[in-house]
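This report refers to the structure that appears directly beneath it.
Since the structure is predicted, the reported quantities are computational estimates derived from the model, not experimental observations. In this chain, residues are counted from 1 in sequence order.
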Amino acid sequence: MLDFISHYPYLSNPWLVGLGLNAALLGMSFPVVKKLLTPAGIVHAGILGVLVWGTLGWRGYVLVVFYFLAGSAVTRIGMAQKEAAGIAEKRHGMRGPENVWGSALVGTLCALATLVASPPNPLSGELLLLGYVASFSTKLSDTCASEVGKAYGQRTFLITTLQPVPRGTEGAVSLEGTLAGMVASGAIAFLGFTLGFANLSGVLICVVASFIATNLESVIGATLQSRFTWLTNEVVNVINTAIGSTAAILLGAFLL
């Protein structure tokens, strides 16, 4: 194997491998991908894939793909019902560039930061990987909580006042959505464990961090989002994943 690589040195370059494999995978899955991403979204997802593979290899890539497929599937739960009520995601749930980076910007920054993690601090790399997993754990938790709540929430309450509000209201929470979000965050955090990005304590930390971030995101939605035009859903997603990632890193620094 090493002799083979010596004849093709580019195979040892993760960035070139990421570029080639990502292009090939997107090409082979294009009939499915084009239903989930806009044309511009496909381009930006490709850039994301190269960055993740170049920094964290196939393991980081698998985590992103799992998030993307799970998040896209959950978004389509009860789509007809949500569209009839006017609370469905735009473009029938197709992701554009703003959705790609709203979900993955923080995780990508954590991945890139591992390239310059300081060796004197052995925990720095581990904590960045934990932050990487937590960012996607948080976003999948938020997506599941929102989409399941809009589709199946029997009672939805405004998180700041606990007053009943219609499904789809910014800042609304439901028991069904909250439980779905916790299950989702645990699922992707456990995947992070199987990929070697976190230990079992790290899985619990990711679930706790995701719960904190998702509820704070609901508070932002209930109190600030309608007051500032620049506070779009995508910006809130970046804030949400940043809170989840930061909370996981801080908890990890104290507990691991």
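Cluster membership for Phe190 and Val62, using ILVMFWY side-chain heavy atoms within less than 4.5 angstrom, is not shared. Met182 and Ile205 sit in two unconnected hydrophobic clusters of ILVMFWY residues. Membership requires side-chain heavy atoms under 4.5 Å apart, directly or through other members. Under the 4.5 Å side-chain heavy-atom criterion for grouping Ile, Leu, Val, Met, Phe, Trp and Tyr, Leu140 is not connected to Phe193 through any hydrophobic cluster. Taken together through direct or relayed side-chain contacts under 4.5 Å among Ile, Leu, Val, Met, Phe, Trp and Tyr, Val207 and Phe211 form parts of separate hydrophobic clusters. Residues Leu250 and Ile212 fall into different hydrophobic clusters, defined by Ile, Leu, Val, Met, Phe, Trp and Tyr side chains chained together at heavy-atom separations under 4.5 Å.
Contact of the Thr232 side chain with the Val236 side chain is not registered, since no non-hydrogen atoms from C-beta on lie closer than 4.5 Å. Side chains of Val235 and Trp230 form a contact here, defined as non-hydrogen atoms less than 4.5 Å apart. By the 4.5 Å heavy-atom criterion applied to side chains, Leu231 and Ile220 are counted as neighbours. Val208 is listed as a side-chain neighbour of Leu251, based on a closest heavy-atom distance under 4.5 Å. The closest side-chain heavy-atom distance from Glu217 to Ile239 is not below 4.5 Å. For the pair Thr156/Val173, no side-chain contact is recorded, criterion being any heavy-atom separation below 4.5 Å from C-beta on. Inter-residue side-chain proximity for Phe68 and Leu36 is flagged as met; some heavy-atom pair is nearer than 4.5 Å. Side-chain contact between Trp101 and Glu234: absent, with no pair of heavy atoms (C-beta onward) separated by less than 4.5 Å.
Between the side chain of Ser141 and the main chain of Ser185, no donor-acceptor pair closer than 3.5 Å is present. Using modelled atom types, no side-chain atom of Thr246 and backbone atom of Ile243 make a donor-acceptor pair closer than 3.5 Å. Between the Thr169 side chain and the Val165 main chain, no donor and acceptor come within less than 3.5 Å of each other.
From Leu130, atom CG reaches atom OG of Ser201 across 10.0 Å, with rounding to the nearest 0.5 Å. Remark: Asn240 CG to Ser135 OG distance equals 10.0 Å, nearest 0.5 Å. Atom CG of residue Leu56 and atom OG1 of residue Thr108 lie 9.5 Å apart, to the nearest 0.5 angstrom. One distance of note links CG of Asn215 with CG of Asp142; it measures 10.0 Å at 0.5 Å rounding. Atom CG of Leu158 and atom OG1 of Thr161 lie 4.0 Å apart (nearest 0.5 Å). Ser218 contributes atom OG, which lies 9.0 Å from atom CD of Glu170 (distance to the nearest 0.5 angstrom).
Using modelled atom types and a 3.5 Å distance limit, the side chains of Asn233 and Glu98 yield no donor-acceptor pair. Under the 3.5 Å distance criterion, with hydrogens and angles disregarded, no donor-acceptor pair is assigned to the side chains of Arg167 and Ser174.
Within a 6.0 Å radius of CZ in Phe254, no more than 12 heavy atoms belonging to other residues, nucleotides or ligands are found.
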Evaluate the side-chain contact (heavy atoms from CB on, under 4.5 Å) criterion for residues Leu109 and Leu105: first the C-alpha distance (whole Å), next the side-chain angles of each, then the deciding distance (0.1 Å), finally the verdict.
CA-CA 6 Å; Leu109 292 176; Leu105 178 61; 4.3 Å; yes

Pair Arg95, Ser103 - check side-chain hydrogen bond (donor to acceptor under 3.5 Å, both in side chains), show working.
CA-CA 10 Å; Arg95 264 68 168 174; Ser103 301; 5.8 Å; no

Apply the test side-chain hydrogen bond (donor to acceptor under 3.5 Å, both in side chains) to residues Ser137 and Ser210: give CA-CA distance (whole Å), side-chain angles for both, the deciding distance (0.1 Å), then the verdict.
CA-CA 6 Å; Ser137 180; Ser210 299; 3.0 Å; yes

Using the rule given for side-chain contact (heavy atoms from CB on, under 4.5 Å), can you reason through Leu51 versus Trp15, listing the C-alpha separation, both sets of side-chain angles and the distance that settles it, and then say yes or no?
CA-CA 8 Å; Leu51 290 174; Trp15 298 96; 4.0 Å; yes

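Here the closest heavy-atom approach between residue Ser245 and residue Gly131 is recorded as OG-O, 3.1 Å. Of all heavy-atom pairs spanning Gly96 and Thr38, the tightest one is CA-OG1, 3.5 Å. Residue Thr223 comes nearest to Arg227 through the heavy atom pair O-CD, 3.2 Å, listed as atom of the first residue, atom of the second, then distance. The minimum heavy-atom distance linking Arg59 with Leu195 is given by the pair NH1-O, 2.8 Å. Counting all heavy atoms, side chain and backbone alike, Thr143 lies closest to Gly71 at CG2-O, 4.0 Å. The two residues Gly41 and Val100 have their closest heavy-atom pair at O-CG2, 4.0 Å.
Exactly one residue among Val106, Asn237, Thr214 makes a side chain to side chain contact (heavy atoms under 4.5 Å, CB included) with Lys139. That residue is Asn237. With Val50 as the fixed residue, the side chain to side chain contact (heavy atoms under 4.5 Å, CB included) test singles out one of Thr55, Leu19, Leu16: Leu19. The residue from Val133, Leu63, Thr138, Val203 that alone fulfils the side chain to side chain contact (heavy atoms under 4.5 Å, CB included) condition with Ile188 is Leu63.
Note on ring orientation: taking the six-membered ring where Trp is involved, the planes of Phe136 and Tyr132 are perpendicular (angle over 60°, cut-offs 30° and 60°).
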